[in-house]
Structure formats: C-alpha cells, structure tokens
Amino acid sequence: MIRYFKLSSIAVTFYWCVYALEIHGGIKLEFSGDEIDAYTNGLFMCNHICNIDFLILSSIAYRKGMLSFLKYLAKKELTYIPFFGFPGMVLSEMILLNRNWQTDQSEIQNKIYSLLKDNIPCYLIIFPEGTRLNAQKLKMANDFAKERNLKETEKVVLPRVKGLKLIMDSLKNLLNTKNPTKNHTKNNSSINENHNNEIDNAKDQFKMEGINTVYDITFGYPPNLNFVKEKQNAKSIYPILDVIDLLMNLAQGVKICVNVKKIKLETIPTENEETFKDWIYERFYRKDEMLKEMEVNANRKLKKWKEDKQSEMNDSSLLYITQKELSEMYEFVGEKVVDEPLRFVPFWKRIKL
C-alpha cells in the first residue's frame with residue numbers, strides 16, 4: 001500500500017510536468033535518431049540547457065509507460081523545490097548528491113544496487129556536464145579545456161567523468177552477476193501488481209533485466225523570438241526559455257528538438273579511465289557539432305526568409321516572423337525524424353472507481 005501511494009504520488013507530480021510542457025505550454029517535441037524502447041529500463045545521459053530539460057524527460061517517460069520510474073542523479077538542494085523536489089524527487093528515492101566524491105561514491109553504488117536487485121523498473125537519468133549551460137560556465141569549461149590541450153566547445157560543457165564511469169561500471173557488474181534477481185520473484189510479482197495504473201494493464205510488457213541500454217540524448221532549443229528580433233539573427237549560446245514562460249503561456253509555438261542515440265552498455269569502454277574519458281568527450285563533441293550545425297542551418301533558412309520578405313513587402317526585418325516559424329527552422333541536420341505522438345489522457349479519466 002505504501003509503495004502504491006509513493007508510485008501514485010510520483011506519477012501525479014511528473015504528470016503535471018507533461019501537462020505544463022505540451023498541453024498548457026503548447027511546446028512541440030520533435031524526436032530524431034533512434035527510437036526509445038517502451039517499458040524497458042535505460043540509462044539516459046543528456047546535455048543540460050535549462051529547467052525545461054526535466055519536463056522533456058517526463059514527457060519521454062510518459063510516452064514509454066515509465067513515468068513513475070524516473071530516477072535522477074541530482075544535487076540535494078533540488079529537493080527544496082516545491083512539487084518537483086517534494087513529493088517528486090523525495091518519494092521517488094532519487095540519487096541525491098552532496099558533490100563530495102567520498103560520500104557520493106557509495107551513495108551512487110548503493111542506490112543502483114538497491115534498485116536493480118529488486119528488479120524495479122528504472123529510467124536512470126544523468127546530466128554529465130553537472131550544470132546548466134550559460135556563458136560563464138562555458139568560459140570556465142573552455143579554460144579547463146585549454147589547460148589540458150582539449151578541444152573547446154560552443155554549445156555544451158565537457159562532461160565530468162568519474163561519476164558516469166562509476167554508474168556504468170556498477171551497471172555492468174550487476175549484469176555480469178549470475179541471476180541477481182533470482183530470489184526476488186515473489187517481490188517482483190507484488191511490485192508489478194501495484195503498477196497497474198501507471199502502465200495501463202500492460203505490466204507484462206516490462207523487460208526488467210537490469211540496465212543494458214544507454215540513450216545519448218541531445219536537446220536542441222530555438223532561441224526566444226524576442227531575443228532574435230533584438231539581435232537580428234538566430235544565434236544564441238543558450239535559449240531564453242524557462243518554466244515561468246510555460247506557466248504564463250508565453251511559449252506557444254516553440255519546437256524543441258530531441259535527438260536519441262541508442263548504445264549497448266556492453267560496447268562502452270569502461271575498463272580504462274583514459275579510454276572512457278576519450279569516449280565520453282567524443283560523445284559531447286558530437287553534440288556540440290550537431291548543435292552548431294543546427295544553428296548554421298537555421299541562420300541559412302532565416303536569411304532566405306528575410307530575402308523573401310524583402311521582395312514581398314520591401315521589409316526584411318524580423319517584425320513579422322512568428323515563434324512557430326522561427327522554431328521550424330531548427331532541426332538536427334541529417335537525422336531521421338521519429339514519430340512519437342503524445343497520447344495524453346487526463347488523469348481523472350484513468351481512475352477506475
């Protein structure tokens with residue numbers, strides 16, 4: 001009963017994130033790359049641009065029947081945020097960090113083992129950059145890169161390595177342990193029974209075999225329309241978009257691009273720290289190139305739009321462009337768009353009396 005109450009509270013918390021983003025806020029999500037498996041555990045590593053990232057991940061989980069099972073690696077201070085921090089993060093028993101490696105190390109290992117030994121469904125989510133992107137943090141990251149003769153970035157911050165490697169090592173160790181959930185059959189049956197509402201009577205579809213898939217997620221935001229009109233181009237270090245814009249209904253027409261790359265955990269080189277560091281840096285250099293190419297492509301389209309307006313109205317200013325028109329100029333170049341419609345059901349219609 002307690003577990004059922006917790007799962008229900010978590011689902012309701014993140015349910016409102018989905019509602020705020022796509023229903024009330026009017027945000028469109030465009031997915032590209034690989035498809036995310038439904039009812040299946042996964043490790044998600046994402047670039048971190050702004051607070052909207054959390055809402056997008058809730059929308060992904062909602063589409064895949066995993067809304068009650070989001071597990072973030074997050075700093076403890078976030079638990080003080082009303083509604084999202086409590087009940088969301090507290091009741092879901094997320095991996096909360098003090099940013100002290102000595103204590104965080106054991107917390108990460110213990111929480112991962114606790115989750116997977118009981119065969120609990122899980123979307124484990126980490127932002128390897130450890131911070132949201134802004135001009136100051138990007139400069140600090142590039143100063144760090146210069147000191148170590150690393151390539152500098154423009155759209156992402158180079159990731160922190162130790163925590164992510166520890167997570168992947170822990171997941172691999174659990175997968176390599178023979179039948180780690182053998183003695184938990186009875187417990188699993190009880191857990192699955194209580195998940196009825198969350199997965200709409202599809203509990204048999206869960207494939208709970210630890211976590212053996214990593215999803216490399218890249219978020220691409222268009223700049224805010226007023227920002228573009230002021231600067232007269234589509235270039236921005238980070239978007240001028242926040243949760244308050246959603247609540248005030250100021251983000252109608254915004255399209256956010258979500259690129260997914262599916263990677264088998266066993267193929268990731270975690271045996272050697274330097275090799276793993278090279279691998280994860282390459283993943284973020286790839287994100288950086290994708291986001292830069294997105295911007296160049298958008299500016300090309302914006303230039304053409306201005307030329308067309310010049311010939312039609314003898315006015316090439318951006319006074320007449322809409323947020324929707326601007327957002328449609330943004331896409332991940334060369335990536336196949338994946339159809340991921342939102343089938344949103346109001347929660348009161350899901351309750352069976």
Side-chain angles (χ1 to χ4, degrees), residues 3 34 36-46 57 60-61 64 66 68-76 89 92-130 158-192 195 206-217 260-284:
R3 184 182 293 276
D34 299 326
I36 298 171
D37 297 328
Y39 308 113
T40 307
N41 294 343
L43 171 62
F44 290 71
M45 59 179 199
C46 321
L57 289 162
I60 292 173
K64 301 302 176 179
M66 297 289 283
S68 288
F69 311 114
L70 289 168
K71 305 289 181 184
Y72 288 94
L73 269 81
K75 55 187 179 182
K76 279 190 175 178
M89 299 187 76
S92 60
E93 299 178 357
M94 297 193 183
I95 304 175
L96 301 174
L97 308 177
N98 293 304
R99 298 201 173 183
N100 180 317
W101 180 242
Q102 297 305 316
T103 57
D104 290 344
Q105 191 172 354
S106 58
E107 173 72 5
I108 290 170
Q109 290 175 311
N110 292 338
K111 275 289 176 66
I112 288 176
Y113 178 72
S114 177
L115 280 170
L116 299 183
K117 75 178 177 65
D118 289 331
N119 228 4
I120 298 174
C122 177
Y123 266 10
L124 189 58
I125 298 170
I126 182 171
F127 298 102
E129 295 159 296
L158 282 180
R160 301 178 183 187
V161 176
K162 284 195 296 187
L164 184 57
K165 183 179 183 301
L166 176 63
I167 291 167
M168 292 190 180
D169 281 336
S170 301
L171 295 176
K172 281 187 175 183
N173 289 339
L174 284 168
L175 286 173
N176 291 334
T177 302
K178 185 177 180 181
N179 296 324
T181 58
K182 181 178 180 181
N183 297 320
H184 298 273
T185 307
K186 184 177 179 182
N187 198 23
N188 292 342
S189 175
S190 173
I191 293 170
N192 283 340
H195 290 170
F206 274 108
K207 308 173 189 69
M208 295 179 287
E209 303 166 350
I211 295 178
N212 52 28
T213 303
V214 176
Y215 294 101
D216 184 3
I217 307 292
V260 180
K261 290 300 176 188
K262 185 177 179 181
I263 306 166
K264 283 293 180 186
L265 179 62
E266 63 190 25
T267 67
I268 299 173
T270 58
E271 293 76 18
N272 179 279
E273 187 167 335
E274 286 303 314
T275 306
F276 178 74
K277 186 184 293 184
D278 292 341
W279 179 84
I280 189 61
Y281 280 178
E282 280 304 315
R283 298 307 304 180
F284 273 77

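Every heavy atom of this structure was used, including side-chain atoms; hydrogens, water molecules and symmetry mates were not.
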Can you tell me how far the NZ atom of Lys261 sits from the OH atom of Tyr215, to the nearest 0.5 Å?
13.5 Å
Specify the closest pair of heavy atoms between Lys64 and Ile36, including all atoms of both residues, with the distance to one decimal.
NZ-O, 2.9 Å
Assess the residue pair Ile263 and Trp279 against the criterion (side-chain contact (heavy atoms from CB on, under 4.5 Å)); give the C-alpha distance rounded to whole Å, side-chain angles, the decisive distance to 0.1 Å, and a yes or no.
CA-CA 12 Å; Ile263 306 166; Trp279 179 84; 4.0 Å; yes
Could you pull out the closest heavy-atom pair between Cys122 and Lys71, with the gap in Å?
SG-CG, 3.7 Å
So, do Thr213 and Lys264 sit near enough that their side-chain heavy atoms are less than 4.5 Å apart?
yes
Look only at the side chain of Lys165 and the backbone of Thr270, and say whether a donor-acceptor pair between them is shorter than 3.5 Å.
yes
4.5 Å side-chain heavy-atom contact, Ile217 and Phe127:
no
Would you check, one step at a time, whether the test side-chain contact (heavy atoms from CB on, under 4.5 Å) holds for Tyr113 with Asn173?
CA-CA 10 Å; Tyr113 178 72; Asn173 289 339; over 6 Å; no
Given 3.5 Å as the limit, does a donor-acceptor pair link the side chain of Thr267 with the main chain of Leu265, or not?
no
Under the side-chain contact (heavy atoms from CB on, under 4.5 Å) rule, what do Glu266 and Leu175 come out as? Steps first, then yes or no, please.
CA-CA 10 Å; Glu266 63 190 25; Leu175 286 173; over 6 Å; no
With rounding to the nearest 0.5 angstrom, report the CD1 to CE distance, Ile125 to Met45.
13.5 Å
Considering non-hydrogen atoms only, spot the tightest contact between Phe69 and Pro121 and give its length.
CB-O, 3.4 Å
Which of parallel (below 30°), tilted (30 to 60°) and perpendicular (above 60°) describes Tyr123 and Phe44?
tilted
Measuring from atom CG of Asp216 to atom CG of Leu43, what distance do you get when rounded to the nearest 0.5 angstrom?
10.0 Å
For the backbone of Leu73 and the side chain of Lys111, can you confirm whether one donor and one acceptor N or O come within less than 3.5 Å of each other?
no
Is there side-chain contact between Phe276 and Leu164, with at least one heavy-atom pair below 4.5 Å?
yes
Do you know the tightest heavy-atom contact between Ile211 and Gly42?
CG2-C, 3.8 Å
Please test Met66 against Asn41 for side-chain contact (heavy atoms from CB on, under 4.5 Å), starting from the C-alpha separation and ending with a verdict.
CA-CA 9 Å; Met66 297 289 283; Asn41 294 343; 3.9 Å; yes
Can you tell me how far the OH atom of Tyr72 sits from the CG atom of Leu124, to the nearest 0.5 Å?
11.0 Å
Quick check for you: to the nearest 0.5 Å, what is the distance between Cys46 atom SG and Ile60 atom CD1?
7.0 Å
In this structure, CD of Glu107 is separated from CD1 of Ile112 (nearest 0.5 Å) by 10.0 Å
